[in-house]
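Accompanying notes for the structure given below.
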Amino acid sequence: MAMQKYSVFSLIKNAFKGHKDWEVAWKDPTPKAEYDVIIIGGGGHGLATAYYLAKEHNITKVAIIEKGWIGGGNVGRNTTIIRSNYMHDENGLFSEFGMDLWRNMSLDLNFNVMFSPRGIINLAHSDAQMNAYSRRGNSMRLNGIDAVLLNREEVKKIIPMADFSENVRFPIFGGLMQPSAGTARHDAVAWGYARQADSMGVDIIQNCEVTGFDVSNGKILGIRTSKGEIKAKKIGLCVAGSTNVLAEKLNMTLPIETHLLQACVSEPIKPILDNVVTFGAGHFYCSQSDKGEMVMGGDLDGYNSYAQRGNLPTLQHVLTEGIAMFPFLSKLKMLRTWGGIMDMSMDGSPIIDKTHIEGLYLNCGWCYGGFKATPASGWTFAHTIAQDKPHKLNEGYSLNRFSTGHLIDEKGLGTKTWIS
Amino acid sequence: MTSISALNYVHKTGLFGNYENKNEENLLKVTEIKNLLIVQIVQYKNSTIQFENIDIDSLKLTNEPLSVAHNSNTRILWNGPKNWLLVSTKKDLLKNISEVFKETDFAVTDLSHSRAIIELEGTEAKEVLKKGCPFNFNILQKNNSVNSTYNGIAFTADMLDDNPNKIRLFALRSFGESLYHSITDASLEFGFKAF
Amino acid sequence: MPENFRLDQGGLINRNKKISFTFNGKKYFGYEGDTLASALLANGVHLVGRSFKYHRPRGFFGAGVDEPYAIVQMNRNNEVDPNVRATEQELFEGLDAKSVNCWPNVNFDIGAINNFLNKFFPAGFYYKTFMWPKSFWYKIYEPIIRKAAGFGSASIKHDKERYEHKYEYCDLLIAGTGPSGLASAYAAAKNGAKVILAEDKSRYGGSLLTSEVTIGNQSGQEWAEQIISELKSMPNVIVKNRSQVFGYYDHNMLVMSERVSDHLPKTDKYTPKQRLWYIRAEEVVISSGSIERPLVFGNNDAPGVMLSSAAKEYLKIYGVLVGKKPIIFTNNDSGYETAIEFKKIGVDPIVLDTRKDPNSEIIKEAKELNINIKFSYVVVAAKGYKKVKSADIAKISDDKKVLSNNENIKCDCICVSGFWTPTIHLASQSGNKTKFKEEIDAFVPSHSKQKETTLGSANGIFTLEETLKTSFEKGTELSKQITNKENQISIPTVVEKKSSKHDKFWCVPLPEGKNYKRFLDFQNDVAVSDIQLALREGYRSIEHVKRYTTLGMATDQGKTSNLNGLQLVSEVENKVVPQVGHTTFRPPYTPVTIGAIVGREVGKHSKPTRKSPMHYWHEKNNAVFVDAGVWLRPRYYKQGNENLFEASKREAKNVRQNVGVCDVTTLGKIDIKGPDSAEFLNRVYTNAWLKLPVGKARYGVMLREDGIVMDDGTTTRISENHYHMTTTTAQAPNVLSHLEYYLQLVWPELNVNVVSSTEQWAGAAIAGPKSRDVLQKLFPDLDVSNEGLPFMGYMEGNLFGVNAKIFRISFSGELAYEVNVESDNGNYMWEKIIEIGKEFNIQPYGTEALSTLRIEMGHVAGSELDGRTIPYDNSLEGLVSKKKDFIGKRSLSKKAYVEPDRQKVVGVVPLDKKTSIPEGSYIVKDAKAKLPNPKLGHVSASCWSVEYDNPFSLAIIKDGKNMIGQKLFAMSPLKNKTIPVEIVSSHYVDPKGERVRS
Amino acid sequence: MLYILCPHCGLRPQTEFSYGGDATVKRPELNKEISDQDWDNFVYLRKSPRGKHLELWQHISGCRQWIKVERDTLTHEIFTTYKASENT
């Protein structure tokens with residue numbers, strides 16, 4: 001049966017029927033005995049992978065296995081920022097491919113994910129930093145990604161509420177802007193993918209925990225779950241934050257540490273900030289949601305953690321930089337805080353690759369950058385699984401780059417992942 | 001004048017903050033301390049010398065956290081395992097004791113110029129420290145010292161007295177002005193007199 | 001004139017002090033001790049704001065932290081406070097507040113059109129529309145939605161208020177001063193424990209202030225007052241009001257915000273507006289009480305519908321009537337307390353009790369007072385838009401499904417009581433997995449994860465007698481573990497009339513043919529129908545329901561809505577509530593001012609500033625400073641109208657031609673001592689160190705274990721077992737930790753001590769062909785000839801009375817020396833150098849000239865050692881020993897690191913010898929290639945070569961070794977520049993390094 | 001803010017410490033032949049368990065000693081702390 005279409009007309013029609021005729025966005029099936037592909041992890045990346053497997057590769061005998069509820073991981077606990085302002089070619093080209101998917105996502109999924117290209121500005125507080133941003137921005141431009149270098153006056157015109165006063169520790173010198181970057185409604189991304197994947201035959205199985213893997217002769221055969229054993233020809237791991245926990249069940253050790261990142265929002269206020277802005281003399285970023293909340297984030301808590309709860313000194317540190325950038329934040333009230341657990345890879349870039357186990361594929365190591373990568377990650381991971389080889393866009397995201405030395409280190413911090 | 005102390009340009013004498021209608025005697029007192037001998041003494045891991053037997057200005061080294069061996073001129077602050085910070089008004093103390101510390105057993109490093117020093121005195125002195133340092137100052141008594149951080153600046157607090165509190169604060173010299181700002185800013189609520 | 005709703009007497013307000021205030025531009029009067037809410041209610045003002053989505057009129061629902069409606073914008077102390085809860089804001093003279101989220105005003109709000117269209121705006125409607133055409137979302141729809149959302153408006157002015165922090169430690173932190181908090185605090189304090197007792201409100205006592213109970217021979221209120229005054233007199237107790245414990249973090253650290261000055265018209269000059277307390281407690285008692293639950297019925301959001309406990313609080317504490325014709329709608333005995341209070345002051349309430357035939361002392365009392373009670377009755381719907389005017393009421397069947405005997409009765413307020421929800425937030429934040437307690441239809445704490453105990457109604461105990469008994473006992477028990485004392489406290493007798501039973505009814509069914517909105521979340525306009533829709537559409541997990549409908553996501557964070565939402569989900573889904581589970585509680589319990597979280601580290605002091613001993617000389621001599629980490633360094637010394645480019649060129653040129661002096665104090669210095677120092681250095685650096693003679697310096701490079709260059713610098717052997725290491729400014733702290741790591745953990749057998757001596761020494765680099773002349777005059781007694789002090793030599797000297805260390809090392813590529821003196825003498829040294837150098841035309845130079853000098857010499861620095869390069873990339877492979885092992889060596893054999901076309905540092909010169917190449921440009925073969933244009937590498941550093949008077953840059957490019965002589969392009973699309981360039985050697989000036997040895 | 005028992009100084013607030021990561025990786029001995037795989041294991045691979053984790057902290061603003069801390073990565077509870085020289 002064709003999927004019910006969302007539109008202003010269907011909304012009006014249903015309004016007159018008391019909204020009784022809306023169909024479920026996704027079903028709640030019991031798992032089948034066997035699938036062509038099982039995707040473990042019902043987050044953004046997993047749902048997107050399933051969708052593109054069905055849509056681009058016509059593989060529909062697919063199950064998504066989710067321990068809790070779909071969208072409950074990092075896709076539901078991020079700061080909704082979407083960008084492709086990367087210096088390294090691998091990251092830039094991959095992310096820019098994703099930007100195209102973002103731009104078309106609402107129509108493609110028939111679900112308004114509220115992609116809003118409001119522009120991201122990275123503030124610079126020294127000439128050295130302006131030069132570093134030039135290096136990044138020029139690389140973007142040569143890769144066909146939009147980027148603009150702003151001087152102090154230009155920044156002031158766009159965000160006059162930033163601290164341009166005398167009483168400032170790190171004055172604003174200028175900034176790098178990606179005008180096409182922006183935000184999207186995070187939950188909607190998960191739900192939109194889920195709804196489409198479901199309509200194409202993908203089984204979304206929630207509250208189902210993977211307890212083990214069935215591997216024989218170096219080949220994956222299936223998984224054991226809290227809802228029984230399920231066989232599959234191919235299995236994709238898409239469980240950012242929990243990758244190491246599942247890797248342990250597979251006797252794999254990965255170049256990944258698990259860390260905690262907090263974010264918070266203020267109480268809603270009337271619109272004051274249109275762009276996404278990052279502070280250059282530290283690590284703070286901020287945007288204003290459609291609801292009016294200032295959405296803010298910054299540093300990792302700085303030690304391995306699986307607790308989705310952080311500590312206040314980290315937020316204090318983050319918000320100190322927040323006020324240093326936007327003094328007006330001082331009078332607002334912090335309404336809600338949350339924490340997400342990140343796969344921090346040893347060079348800060350992700351891994352989308354096959355593994356030494358035949359039929360087992362890995363998608364992990366997204367560090368702080370997972371949300372923005374959702375569509376491109378799903379697209380390339382689906383390709384990698386379907387074709388049994390990486391797409392050109394994710395060739396650089398190989399697992400063996402740590403052995404060969406072909407690292408993709410945007411920050412130059414090496415393996416000390418907790419220094420953010 | 002050849003010598004310029006760490007806080008020379010920021011430390012101004014006078015009355016500051018909420019001092020009005022208060023007896024000057026009860027105000028916090030803030031002083032910059034200069035011209036102290038400050039030496040780090042570390043015994044190497046493999047050294048077999050009994051440090052307990054060493055005599056410095058009639059003081060003995062003890063390997064106890066928070067401890068300060070002290071007399072009226074010299075204070076030896078425990079800095080870490082077999083690691084001490086000797087602070088003395090006797091500027092030439094080092095010369096007399098250099099033979100005691102054999103080069104193969106001890107590293108003795110003069111750090112006299114590497115610190116900015118603030119002395120803070122008054123019943124509210126600990127309250128000032130509690131504003132920026134998460135250490136439990138309730139347990140710090142006379143002749144205790146601690147290394148910790150104040151508003152993100154590493155510092156050492158040495159309790160010269162606890163009735164009223166008299167605390168000597170050391171920070172790395174280049175951070176001195178920032179620490180001085182933090183301490184005096186935190187003192188404004190109580191009112192202070194700078195000497 | 002507005003009608004007066006203030007009683008002639010009663011309440012805890014100070015009637016001797018009348019206070020004037022302004023709301024929405026209109027002047028009113030209240031009393032000291034009022035909240036803004038109570039004062040407005042006293043003046044008959046029930047309409048304060050508009051809801052988030054439908055812009056429906058909103059009044060007051062509660063009387064404290066749980067208030068979901070009454071958010072106002074305030075001007076206080078000449079500053080704007082955007083979102084202030086009127087129920088928490090204490091009244092002060094001149095208070096000025098206005099409504100938010102309404103335009104043009106709260107009485108007539110254009111946004112309310114949403115309300116009439118609300119059938120088109122069900123939960124999640126925005127996900128289903130506004131998709132086409134694709135740019136319209138961002139350009140058209142979203143801006144409209146953004147404007148309609150949000151509450152108050154922020155001022156972009158800097159916040160002038162002070163916010164302070166305080167770190168405190170105690171044996172027991174007790175959050176809440178209701179009966180359980182007071183009893184446990186009293187018992188613990190009597191046992192000698194150090195206690196901090198925190199109360200959110202201005203008055204201590206919690207429910208005791210409004211309940212008609214007797215403890216011993218005192219009223220509840222008298223008892224509370226007595227306990228508090230006794231606690232205040234004890235030296236081991238800190239009692240704080242206006243202090244909300246809002247977060248329970250790891251290792252028993254809790255955070256409390258104290259509103260020091262918010263209740264005053266002005267903050268005293270040196271007093272904080274708020275103070276954030278970080279409290280590390282041995283044990284925590286959570287006595288945070290409970291919040292009354294609403295009953296859900298049609299239009300239950302109309303102004304005038306409020307919690308029955310709030311109505312009672314307004315009466316008993318503020319002497320304010322929330323209405324003169326009240327309906328009390330209850331499913332438990334609490335409603336009777338409110339009814340009796342009304343009756344006592346001569347107002348006749350009607351009680352609608354959902355129960356059929358309940359029995360208790362308090363109901364008996366109500367009957368004796370001739371209160372009109374209708375059992376098995378419910379409010380079906382409130383009538384009235386901006387204020388309740390009447391209520392449709394009906395009899396409800398025993399199975400609570402069928403309504404009958406419908407009638408409409410006049411009323412001006414409806415006080416609801418749907419029983420009580422324990423405030424379990426802090427316990428949950430601590431990691432306590434809460435459990436559902438069937439008999440109270442709510443969650444209570446279960447096993448403690450940290451050292452926390454929840455008492456009283458927060459723990460689901462609703463009888464005073466049991467609360468006091470358990471709280472006294474717990475207070476004794478917890479403190480006894482800490483103080484080893486056991487002071488027995490006799491537990492007083494208690495008289496309480498109400499029973500703690502309730503009817504498990506919470507939502508009135510819709511009468512046939514009616515389609516009332518029945519609200520769960522009042523601020524976000526989430527109605528029963530929204531939840532039903534979410535469930536119908538498959539959003540079935542409670543988290544999905546929350547996110548899809550925004551239930552519980554308002555600024556009250558669901559304090560009054562969450563549990564009713566859960567009830568509804570469990571009903572529709574046919575599950576029991578514990579299966580549905582609640583969403584996670586996260587700090588803060590209630591919104592906390594961001595300024596308070598940050599404290600005093602704002603403006604100029606948001607980070608520390610490090611200064612060299614010569615800083616003020618630089619300042620006096622027109623230095624323009626640059627941030628190097630948190631250090632301030634002179635970037636250039638401005639003469640006349642010079643700009644950066646001109647000044648730095650002058651300074652650099654003067655070094656090449658005469659002599660310059662540069663403050664190098666900020667370079668990291670590490671004092672290394674011990675018998676194994678040489679061996680240690682040999683392991684740390686890539687080159688050989690065992691044979692460095694005493695009195696000699698050597699340049700060294702250290703790697704991370706992954707083979708990437710970590711830092712470089714020179715290290716000098718001062719004596720047999722003593723070395724003086726220098727590091728870059730940026731890496732100094734990391735290098736020290738790195739060394740300590742290897743000494744303490746990896747090679748503990750080495751007898752070496754490392755200590756930072758950066759601050760002990762002030763450093764000046766004297767560079768240029770005439771530097772030896774300057775040095776000779778500084779140290780007339782020393783032989784500083786090329787033989788006496790050769791390149792990389794070291795000696796000690798006396799600089800006009802102060803001790804100095806002299807290193808013959810060079811960063812500029814010129815003949816150069818570095819002189820160190822003890823920091824107190826730094827300025828003295830500097831002035832001497834300037835004075836003596838005058839005849840040799842000495843000039844100070846800043847980091848910009850320093851940079852020029854090193855770039856044209858091809859010396860790599862931070863922009864090349866950027867955490868991504870190996871020694872080869874920086875042409876440092878000559879310093880990599882093949883013979884010995886060192887940190888990171890094993891990584892250098894990685895495939896990528898030995899590829900024949902590996903990147904390498906080169907020099908870049910524009911063909912026109914005129915056009916400067918912006919740093920961060922890329923080198924490409926074909927400037928017109930289609931994008932993505934393959935890059936050979938990037939330009940890491942650029943300068944104007946003062947030697948050749950043309951631009952020169954360093955670049956790190958692929959196969960750099962074989963690229964020299966090639967003609968390529970440098971591109972900076974950001975600056976719209978494409979510059980034809982030639983690749984040359986990175987050693988542009990003095991490639992053989994003759995000058996440094998001259 | 002974690003409260004970490006420094007085996008040299010006593011219980012101290014987290015702000016005095018800096019984190020040093022997994023304490024179980026062991027640096028291969030100097031001058032020893034070692035496979036690429038073993039070297040990569042040391043440099044890049046991490047178990048990062050959910051639960052008990054032995055990790056390094058440096059008491060950087062205290063006694064400057066590196067210490068080993070056994071901590072639960074899910075609850076953040078600290079079980080035991082060790083001096084650098086102590087075996088775990």
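Keep in mind that what you see is a predicted model, and the values were worked out from it rather than measured. By convention in this document, chain letters (A, B, ...) are assigned in the order of the sequence lines, proteins followed by strands, and residues within each chain are numbered from 1.
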Which atom pairs, donor and acceptor, lie under 3.5 Å between side-chain atoms of residues 796-803 of chain C and protein residues at least two apart or in another chain?
residue	atom	partner	partner atom	Å
C:E796	OE2	C:Y794	OH	2.6
C:N798	OD1	C:G801	N	2.6

Looking only at heavy atoms, what is the nearest atom pair of [X] and [Y], with distance?
{"X": "C:Y167", "Y": "B:C133", "answer": "CD1-O, 3.4 Å"}
{"X": "B:R173", "Y": "C:P613", "answer": "NE-CG, 3.9 Å"}
{"X": "C:Y270", "Y": "B:N18", "answer": "CD1-N, 3.5 Å"}
{"X": "C:L743", "Y": "B:K45", "answer": "O-NZ, 2.7 Å"}
{"X": "B:Y44", "Y": "C:N751", "answer": "CB-OD1, 3.3 Å"}
{"X": "C:V630", "Y": "B:F175", "answer": "CG2-CE2, 4.3 Å"}

Is it the side chain or the backbone of [X] that comes within 4.5 Å of chain B heavy atoms, both, or neither?
{"X": "C:W277", "value": "neither"}
{"X": "C:L750", "value": "backbone"}
{"X": "C:V752", "value": "backbone"}
{"X": "C:S756", "value": "backbone"}
{"X": "C:Y278", "value": "neither"}
{"X": "C:T609", "value": "both"}
{"X": "C:K166", "value": "both"}
{"X": "C:N753", "value": "both"}
{"X": "C:E822", "value": "both"}

Within this structure, what is the [atom1]-[atom2] distance for the pair [X] and [Y], rounded to the nearest 0.5 Å?
{"X": "C:E601", "Y": "B:S178", "atom1": "CD", "atom2": "OG", "answer": "10.5 Å"}
{"X": "B:N35", "Y": "C:D824", "atom1": "CG", "atom2": "CG", "answer": "7.0 Å"}
{"X": "C:S823", "Y": "B:L111", "atom1": "OG", "atom2": "CG", "answer": "10.5 Å"}
{"X": "C:E164", "Y": "B:L188", "atom1": "CD", "atom2": "CG", "answer": "8.0 Å"}
{"X": "C:N827", "Y": "B:N8", "atom1": "CG", "atom2": "CG", "answer": "9.0 Å"}

message = I'd like to verify something: which residue of B:L129, B:I139, B:T109, B:T104 has the highest number of heavy-atom pairs under 4.5 Å with chain C?
response =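 Heavy-atom pairs under 4.5 Å are most numerous for B:T109.
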query = Given the options B:G191, B:G132, B:G176, B:G152, which has more heavy-atom pairs under 4.5 Å with chain C than any of the others?
reply =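 Of the candidates given, the most pairs with chain C belong to B:G132.
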key: Validation row: B:V42, C:K673 side chains within 4.5 angstrom (heavy atoms)   =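 No, every pair of side-chain atoms sits at 4.5 Å or beyond.
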inquiry  = Could you tell me if the side chain of B:D185 sits less than 4.5 Å from the side chain of C:H605, heavy atoms only?
reply    =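 They are not in contact (no side-chain heavy atoms under 4.5 Å apart), so the answer is no.
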ask   = More than 12 foreign heavy atoms under 6.0 Å from NZ of C:K266: is that the case here?
value =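 No, because the 6.0 Å sphere around NZ of C:K266 holds 12 heavy atoms or fewer from other groups.
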Test item: C:E759 side-chain N/O and B:H113 main-chain N/O as donor-acceptor pair under 3.5 Å =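 Judged by distance alone, no pair lies under 3.5 Å.
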ask   = Hey, are B:Q40 and C:D671 close enough side-chain-wise for a donor-acceptor pair under 3.5 Å?
value =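 There is no such pair (donor and acceptor under 3.5 Å, judged by atom type) between the side chains of C:D671 and B:Q40.
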message = Taking side chain as everything from C-beta outward and backbone as N, CA, C, O, which of these in B:F106 sits under 4.5 Å from a heavy atom of chain C? Side chain, backbone, both or neither.
response =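 No part of it gets close to chain C.
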task = Check each atom of B:D105 against the heavy atoms of chain C and say whether the ones under 4.5 Å are side chain, backbone, both or neither.
result =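 Neither the backbone nor the side chain of B:D105 comes within 4.5 Å of chain C.
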request  = Determine the sole option in C:R600, C:K269, C:R275 for which the salt bridge (Lys or Arg N to Asp or Glu O under 4.0 Å) test with B:E189 is passed.
outcome  =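 Passing option: C:R275.
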At a heavy-atom distance under 4.5 Å, which candidate from [options] has the highest pair count against chain B?
{"options": "C:R162, C:E831, C:E749", "value": "C:R162"}
{"options": "C:T758, C:T666, C:V755, C:L276", "value": "C:V755"}
{"options": "C:P748, C:P272, C:S757", "value": "C:P748"}

key: With C:K194 via salt bridge (Lys or Arg N to Asp or Glu O under 4.0 Å) - residues at least two apart   =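 Per chain and number, C:K194 pairs via salt bridge (Lys or Arg N to Asp or Glu O under 4.0 Å) with C:E168.
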